[in-house]
Amino acid sequence: MTPFQYAHASDAADAVRRARVTGAMYLGGGTNLVDLMRETIERPSALVDVTGLSRDIIEQKNGGLRIGAAMRNTALAEHRLVRKRYPVLTRAIVAGATAQIRNMATVGGNLLQRTRCTYFYDEEGSRCNKRLPGQGCDALDGFNRGHAILGASKACIAVNPSDMCVALAALDAVIHLESLSGSRRLPLTDLHRLPGDTPDIETALAPGELITAVELPPLPPSMRSSYRKVRDRASYAFALVSVAAALEIEHGHIKDVRLALGGVAHKPWRAWKAEEALRGQPANEAMFGCAADAELSEARPLKDNGFKIELARRTIVAILSQLAGELA
Ligand code: SF4
């Protein structure tokens with residue numbers, strides 16, 4: 001590990017001030033960043049510890065929630081209002097990592113966790129454009145079973161590993177940001193980038209910008225939501241494919257629907273095309289399959305991951321059928 005300075009921020013303004021140092025990074029639970037530092041993939045000159053910042057959940061007048069970015073993942077998943085109003089979020093968080101990691105990980109840190117592409121972590125033996133721009137990507141011709149089928153580029157085929165972010169994408173979450181130039185809000189679906197020619201730039205955050213909170217808009221009371229994750233083993237494994245879904249049905253037809261996919265792209269993949277195909281249509285398995293096909297029509301399999309396309313289709317159909325059954 002490369003030597004670094006450490007400072008504990010007293011509030012958001014203090015954190016942003018301290019992060020002015022070139023090469024400084026914010027430290028949440030450290031469950032990803034510290035691993036990357038041990039591997040010397042990340043070499044921050046300074047860590048600004050933001051775990052002392054807001055970890056509250058504040059109920060909004062409109063029925064939504066504002067979640068402090070320092071809140072631990074376990075606390076968020078277990079919170080009474082989250083379990084009741086956003087079960088998709090509770091399920092997604094509980095599907096991720098281990099209990100010990102969830103106890104440490106923060107909401108802000110989870111939003112910024114980096115890919116688990118094995119070539120990215122193999123600094124000694126593999127080429128990686130994300131780690132070193134212009135170097136090449138050994139995953140392209142390597143073992144790419146876990147890599148992207150949507151939105152990838154010739155520069156990078158990695159996937160975003162977060163479960164929580166998939167649920168937040170489906171829930172239209174909004175991120176609150178603080179920097180020396182003021183504060184702003186950003187839709188979660190605009191936070192993460194597709195790789196393009198610059199896979200090393202993973203988010204729309206400006207240098208030094210701090211995530212202070214996540215806002216969840218209210219869901220209609222008649223909407224049901226859930227999360228389904230398909231992986232190689234039952235715990236401590238990243239998604240091959242996951243789906244976050246929320247569904248509202250009126251008189252047998254789909255009034256509203258939210259769908260997002262995980263494990264398939266460089267960012268949590270909001271399934272806009274599938275949603276559009278479903279609104280106003282009968283809530284049945286055939287329709288769910290047509291919508292999944294519409295979303296996956298641009299999927300491009302790699303050498304080892306063609307199975308993901310059918311897996312994503314089946315997972316979309318399965319979770320929507322489950323929710324439709326609960327609403328019947
Ligand atoms: Fe690096 Fe992306 Fe290629 Fe993985 S897929 S080796 S992260 S450039």
Side-chain angles (χ1 to χ4, degrees), residues 1-2 23 25-26 28 30-44 96-97 101 105 109-166 169 188-205 207 229-232 236-242 260-270 296 298-309 311-312:
M1 196 182 277
T2 310
M25 295 182 79
Y26 296 115
T31 56
N32 184 212
L33 177 56
V34 173
D35 285 348
L36 290 164
M37 289 171 66
R38 285 198 183 107
E39 299 290 334
T40 66
I41 294 167
E42 294 282 15
R43 299 182 180 102
I101 289 174
N110 193 326
L111 289 167
L112 298 181
Q113 66 175 298
R114 304 194 70 188
T115 185
R116 265 40 175 210
C117 172
T118 48
Y119 300 96
F120 171 67
Y121 281 79
D122 180 24
E123 197 180 16
E124 299 286 305
S126 300
R127 295 174 307 150
C128 172
N129 286 322
K130 187 182 284 296
R131 208 178 50 232
L132 191 62
Q135 190 184 36
C137 168
D138 275 345
L140 285 171
D141 296 319
F143 183 58
N144 46 37
R145 179 173 179 269
H147 289 75
I149 54 171
L150 288 163
S153 71
K154 286 184 178 160
C156 180
I157 53 173
V159 297
N160 184 293
S162 173
D163 291 293
M164 184 189 81
C165 289
V166 183
L188 183 282
T189 47
D190 293 340
L191 174 64
H192 303 95
R193 293 179 70 253
L194 290 176
D197 293 331
T198 52
D200 52 311
I201 303 171
E202 295 175 350
T203 70
L205 297 185
K229 177 176 180 178
V230 185
R231 49 189 158 172
D232 282 327
Y236 201 32
F238 295 98
L240 292 167
V241 166
S242 67
L261 310 182
V264 296
H266 199 255
K267 61 184 289 183
W269 188 267
R270 182 73 182 260
L296 296 166
E298 289 178 20
R300 297 287 174 267
L302 301 162
K303 177 169 62 72
D304 301 311
N305 72 356
F307 72 96
K308 279 194 178 190
I309 298 176
L311 189 60

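Since this is a predicted model, take the numbers as computed values, not measurements. When a ligand or atom number is given, it counts from 1 through the structure's own listing order.
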Fill in: Within 6.0 angstrom of F307 CZ, more than 12 heavy atoms from elsewhere
yes
Worksheet item: Is atom 4 (Fe) of ligand 1 less than 2.8 Å from at least one N/O/S atom of C156?
Response: no
Worksheet item: Starting from atom 4 (Fe) of ligand 1, which protein heavy atom do you reach first, and at what distance in Å?
Response: C117 SG, 2.3 Å
Discussion item. Atom CG of residue position D35 - does it have more than 12 heavy atoms of other residues, nucleotides or ligands inside 6.0 Å?
Written reply: yes
Worksheet entry | Whether C128 has an N, O or S atom under 2.8 Å from atom 1 (Fe) of ligand 1 | yes
Worksheet item: At a 4.0 Å cut-off, with the gap strictly under it, does some heavy atom of A155 reach an atom of ligand 1?
Response: yes
Discussion item. For a salt bridge (charged side-chain N to carboxylate O under 4.0 Å, His left out) check, start with the C-alpha distance between D232 and R145, then their side-chain angles and the critical distance, and finish with the verdict.
Written reply: CA-CA 11 Å; D232 282 327; R145 179 173 179 269; 2.8 Å; yes
Worksheet item: What's the shortest distance from atom 3 (Fe) of ligand 1 to any protein heavy atom, and which residue and atom give it?
Response: C137 SG, 2.3 Å
Worksheet item: Okay, side chain of D138, backbone of S126: is any donor-acceptor separation there less than 3.5 Å?
Response: no
Discussion item. Looking at every heavy atom in both P195 and C156, which two are closest together, and how far apart are they?
Written reply: CG-O, 3.5 Å
Practice prompt. Just let me know how S126 lines up against ligand 1, side chain, backbone, both or neither, with a heavy-atom cut-off below 4.0 Å.
Written response: neither
Item to complete: Considering only non-hydrogen protein atoms, determine which one is nearest to atom 5 (S) of ligand 1 and report residue, atom name and distance to 0.1 Å.
Response: I157 N, 3.3 Å
Worksheet item: Within the side chain of N305, is there an N or O that forms a donor-acceptor pair under 3.5 Å with the backbone of G146?
Response: no
Discussion item. Could you tell me, atom by atom, which parts of ligand 1 come under 4.0 Å of a heavy atom of F120?
Written reply: 7 (S)
Worksheet item: What protein heavy atom sits nearest atom 6 (S) of ligand 1, and how far off is it?
Response: Y119 CB, 3.4 Å
Practice prompt. Output yes when E123 and R43 qualify as a salt bridge under the 4.0 Å nitrogen-oxygen rule, no when they do not.
Written response: yes
